[in-house]
Structure formats: structure tokens, C-alpha cells
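Whatever order the structure lists ligands and atoms in, that order sets their numbers, starting from 1.
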Amino acid sequence: MTKVPAPDCDLHEQVHIINDAATGARGMIAIHSTSLGPAAGGCRLWHYDSVQSLEVDALRLARAMSYKNALAGLPFGGGQAVLQRPLRDFDRRSLLRVFGEAVESLGGQYVTAPDVGTSLDDMNAVRTVTKYVAGLNALPGKAGGDPAPWTALGVFEAMTLAARFALGCDLEGLIVAVQGTGGVGSNLCRRLAAAGAKLVIADMDSRRTEVLALNLGARVVSIDEIAKVDCDIFSPCALGGTLNQQTIHSLKAHLVCGAANNQLANPTDGDALLARGITYAPDYLINAGGIINLAAEYRGETTRQAKDRVKRIATRLETVLIQAATEGTSPAAVADQMARQIIRETHRAAA
Ligand code: NAI
């Protein structure tokens with residue numbers, strides 16, 4: 001029997017650079033792994049200070065997508081597109097066309113979807129040049145459409161489970177600090193308010209927090225305060241890297257459970273949370289609702305099939321939290337280990 005080398009989960013399979021002077025389209029498509037299937041992951045359109053920070057973001061997000069898809073039981077590998085958002089006015093359609101052509105040139109090895117800074121309309125524009133895209137308008141009864149409410153549903157169910165596990169109670173009466181009230185954060189806030197949680201919120205865009213303060217009675221604090229406020233649960237729903245040496249030190253929460261990708265600035269930050277007695281619900285495990293719905297859309301499945309899979313997120317989180325508690329390790333380390341194992345075993349079985 002030929003021995004098949006396991007894929008190195010720290011290395012990316014492919015990286016594709018996008019650089020089009022005519023439209024100003026600049027960015028990267030990173031394919032971390034295709035062991036489980038085509039690499040699936042969103043397209044982020046964001047302003048980065050440097051090429052290096054764009055590249056680091058693309059590579060980290062692509063790997064997180066591999067782990068996320070593996071733990072969600074999806075037949076997809078992990079990839080991510082990141083585009084530099086021009087500072088001046090730009091022709092959005094032309095930029096997305098160039099991006100779509102780059103996706104098409106990969107022949108289905110990468111399937112794109114909306115992410116921070118891109119929308120369903122954008123994906124419909126991308127669809128004019130490639131079929132390797134999800135996050136389009138949903139057909140009746142079929143999965144599809146905006147992934148954000150699905151992500152929020154998965155995070156909400158995971159938070160309900162994690163609160164019982166770590167705090168020994170339901171969400172009613174608990175104070176939840178939500179950082180970022182965009183598509184996912186605002187939907188999550190509505191679910192939390194309906195469950196009787198008290199909300200403290202912050203966003204760079206004050207119009208977003210004002211609406212939630214008015215409709216849900218949420219208390220608004222500044223973006224510098226949100227990670228330090230007195231609360232039971234901290235829910236990062238903005239961008240990544242918000243859990244670092246400084247913020248972990250000043251967190252008052254006993255549980256961290258949010259939608260943002262790559263919340264830990266460094267892998268060791270999972271241990272820092274553990275050392276402070278703070279339970280961490282691994283980001284890519286609990287924010288898989290959106291990609292589950294997108295994958296179902298891409299495969300022509302129904303809303304019901306997508307919902308059933310999203311409901312399994314909390315069960316998987318429970319398995320991770322129990323194993324972490326038994327071994328005395330961080331849930332982040334347990335989730336990484338599980339995801340890598342799935343990728344390696346599937347790779348071996350297919351070879
Ligand atoms: P969004 O772009 O709709 O919302 C993000 C919000 O965060 C915006 O309102 C923005 O003003 C705010 N924000 C940015 N920096 C901030 C800061 N320092 N402090 C407070 N607020 C800040 O994005 P969306 O879709 O809600 O996603 C949120 C996070 O969840 C992102 O990290 C995304 O990668 C992740 N995620 C989203 C999924 C989805 O289905 N949309 C799926 C999985 C992960």
C-alpha cells in the first residue's frame with residue numbers, strides 16, 4: 001500500500017494575485033485546502049494599509065474556512081478572496097467583473113460568496129462571468145440569499161448552549177456585549193433581546209447602534225470600551241484580531257462567543273483566555289451558519305436541509321467544550337485538532 005502524506009494544514013495549496021491596472025482591481029485569492037472539495041469562502045472588499053496586511057488576512061481567512069467547512073461536515077475545502085477597496089470612487093461592477101474572471105480562471109477550485117464589504121448584488125454581478133459563486137437571490141423553498149441571518153442563528157444557538165455549559169444558566173437576564181452591529185451582529189442582537197438578554201453594543205457606524213438602542217433598548221458604548229465593559233458574555237461580531245494580549249487582560253466577560261472570523265490575534269491567545277478562566281467558543285465552529293446556507297444553495301438543497309445543519313453547530317460546540325474541559329486545554333486548540341484530523345483523514349481516504 002502506498003503511504004499518502006497527510007496535507008500540511010499550515011501550508012496553503014495555492015495563491016492567486018489579482019492586479020488589474022484598468023479597473024484598479026487588486027487582491028488575492030488564497031486556496032488553503034481542496035482535500036474535502038472545492039475551496040469555498042467569501043470575497044472581502046476592504047481597505048488595507050499595506051499589501052502585507054491584505055495578504056495575511058487572505059491567508060488566515062482561507063485557513064479558517066478550511067477548518068470551518070471541515071467541522072461543519074461540508075464537502076468543501078477552504079479558500080478566501082480579499083480585494084483592496086480603492087480609497088477614491090471606483091467602478092464597482094468592473095472591479096467585480098475582473099474578480100469574477102479570476103474565479104472563473106480557477107475552473108471551480110474556488111467558489112466565492114459574500115463577505116465583509118460585499119453583498120448579494122455584488123455576487124449577482126460576479127455571476128455574470130462565473131458560475132462558481134453562491135450568495136445569490138434565493139429561489140422559493142431553496143437555500144440561498146443573505147448568509148448573515150444564518151450565521152446569527154448558529155451563533156445564537158451556540159451561545160445558548162455555551163451559557164448553560166460555562167455559566168450554568170439561560171441567556172435571560174445575562175448581559176451580552178456585542179462588538180459590531182452589522183448584518184450578523186444586528187440579527188444576533190434581535191435574537192438575544194427576544195431571549196431576554198440585556199445588550200451593550202458598539203459599532204463604528206453610529207446609525208447602526210442608534211436603531212438597536214431605540215428598538216431593543218441596547219446601551220451604546222464606544223468601540224474602545226466594548227471589550228472592557230461589565231458583562232457576562234463578550235460577542236465579537238466586527239473584524240478579526242480583537243482578542244489579544246491587551247483585550248484579554250481587561251475582559252470582564254466569562255464567556256466569549258461571537259461571529260467574527262479570526263478573533264484570536266495569535267494562537268496562544270486561546271491559552272490566555274483559558275488561563276483567565278474565560279470560556280471561548282471557537283469562532284469558525286460557531287459562525288458556520290452562513291457557509292452552511294451558501295453550500296446548500298450551491299448544491300441546490302432546500303432551506304430545511306440548511307437549517308438542520310445549522311442546528312448541529314451547538315451540538316458540535318458541546319463536544320468541543322467537553323473535550324477541552326476534560327483535557328484542561330483551550331476549546332480553540334481542540335477545534336483546530338478536530339478540523340485538521342478531518343482534513344487529513346479525508347485526504348488519505350480519497351488517495
Ligand atoms: P458587516 O460588514 O455587515 O458588519 C460589521 C460591522 O462591524 C460594521 O457595522 C462595522 O461598522 C463594524 N465594525 C468594524 N470595526 C469595528 C470596531 N473596531 N468596533 C466596532 N464595530 C466595528 O459584517 P457581517 O457580515 O456582520 O460580519 C461580521 C463578522 O462576522 C465579520 O468578521 C465576518 O467575517 C464574520 N462572519 C460573517 C458571516 C456572514 O454570514 N456575514 C459568516 C461568518 C463570519
Report task. For ligand 1, note which part of A260 has a heavy atom under 4.0 Å away: side chain, backbone, both or neither. Result -> both
Query raised in the report: Is there a donor-acceptor pair under 3.5 Å between the side chain of T34 and the backbone N or O of G37?
Result: no
Report task. Take atom CD of E327 as the centre, draw a 6.0 Å sphere, and report whether it contains more than 12 heavy atoms from other residues, nucleotides or ligands. Result -> yes
Report task. Would you kindly say whether N287 and N261 are connected by a side-chain donor-acceptor distance under 3.5 Å? Result -> yes
Report task. Considering heavy atoms of the protein only, find what lies nearest to atom 2 (O) of ligand 1 and give residue, atom and distance to 0.1 Å. Result -> V116 CG1, 3.9 Å
**Report entry** Shortest protein heavy-atom distance from atom 14 (C) of ligand 1, along with the residue and atom involved
**Finding:** M204 SD, 3.4 Å
Requested in this report: Starting from atom 4 (O) of ligand 1, locate the nearest protein heavy atom and write down its residue, its atom name and how far away it is, to 0.1 Å.
Outcome: G182 CA, 3.2 Å
Query raised in the report: When only distance counts, is K68 in polar contact with ligand 1, meaning an N/O pair under 3.5 Å?
Result: no
Query raised in the report: With I201, which of L216, V221, T209, V229 fulfils side-chain contact (heavy atoms from CB on, under 4.5 Å)?
Result: T209
Query raised in the report: Below 3.5 angstrom, do we get any N/O pair linking T181 and ligand 1?
Result: no
Report task. Distance to 0.1 Å, residue and atom name: give those for the protein heavy atom nearest to atom 19 (N) of ligand 1. Result -> I223 CG2, 3.4 Å
Report summary line: Contact region, V184 to ligand 1, non-hydrogen atoms below 4.0 Å, reads both
Query raised in the report: Is it the case that one hydrophobic cluster holds both L321 and Y284, taking links as side-chain heavy atoms less than 4.5 Å apart, direct or via other members?
Result: yes
Requested in this report: Would you kindly specify which portion of N261 sits under 4.0 Å from ligand 1, judged on non-hydrogen atoms: side chain, backbone, both or neither?
Outcome: both
Query raised in the report: Are V155 and I278 connected, step by step, through hydrophobic side chains (Ile, Leu, Val, Met, Phe, Trp, Tyr) whose heavy atoms are closer than 4.5 Å?
Result: no
**Report entry** Distance from atom 9 (O) of ligand 1 to nearest protein heavy atom, with residue and atom
**Finding:** R208 NH1, 2.4 Å
Requested in this report: Check each atom of ligand 1 against the heavy atoms of A202 and keep those under 4.0 Å away; list them by number with element.
Outcome: 20 (C), 21 (N)
Report task. Check ligand 1 against P147 and write out every atom of the ligand that is under 4.0 Å from a heavy-atom position of the residue. Result -> 40 (O)
Query raised in the report: Below 4.0 Å from any atom of ligand 1, is there a heavy atom belonging to C237?
Result: yes
Report task. Report yes if N287 has an N/O atom closer than 3.5 Å to an N/O atom of ligand 1; otherwise report no. Result -> no
Query raised in the report: Distance from L255 atom CG to S235 atom OG, nearest 0.5 Å?
Result: 9.0 Å
**Report entry** Closest approach of any protein heavy atom to atom 6 (C) of ligand 1, naming residue and atom
**Finding:** D203 OD2, 3.6 Å
Query raised in the report: When clusters are formed by joining ILVMFWY residues with side-chain heavy atoms under 4.5 Å apart, either directly or through shared neighbours, do V200 and L174 land in the same one?
Result: no
Query - Closest protein heavy atom to atom 38 (C) of ligand 1, given as residue, atom name and distance to 0.1 Å - result: T151 OG1, 3.6 Å
**Report entry** Among D57, L83, V56, side-chain contact (heavy atoms from CB on, under 4.5 Å) partner for Y48
**Finding:** D57
Requested in this report: Could you check atom 35 (C) of ligand 1 against the protein and tell me its nearest heavy-atom contact, residue, atom and distance included?
Outcome: A259 O, 3.4 Å
**Report entry** G183, any N or O under 3.5 Å of ligand 1 N or O
**Finding:** yes
Requested in this report: Could you give me the CA-CA distance, side-chain angles and deciding distance for D49 and H47, then say whether side-chain contact (heavy atoms from CB on, under 4.5 Å) is met?
Outcome: CA-CA 7 Å; D49 293 340; H47 180 74; 4.2 Å; yes
Query raised in the report: Does any N or O atom in A238 lie less than 3.5 angstrom from one in ligand 1, N or O only?
Result: yes
Query raised in the report: D122 and salt bridge (Lys or Arg N to Asp or Glu O under 4.0 Å): which partner among R97, R92, R93?
Result: R92
Query raised in the report: Is it the side chain, the backbone, both or neither of D115 that has a heavy atom closer than 4.0 Å to ligand 1?
Result: side chain
Query raised in the report: Looking only at distance, does R44 have an N or O less than 3.5 Å from an N or O of ligand 1?
Result: yes
**Report entry** Test salt bridge (charged side-chain N to carboxylate O under 4.0 Å, His left out) applied to D308 and R312, step by step
**Finding:** CA-CA 7 Å; D308 287 347; R312 282 181 226 141; 5.4 Å; no
Requested in this report: Applying salt bridge (charged side-chain N to carboxylate O under 4.0 Å, His left out), run through E157 and K311 and close with a yes or a no.
Outcome: CA-CA 7 Å; E157 302 240 326; K311 294 267 179 187; 3.2 Å; yes
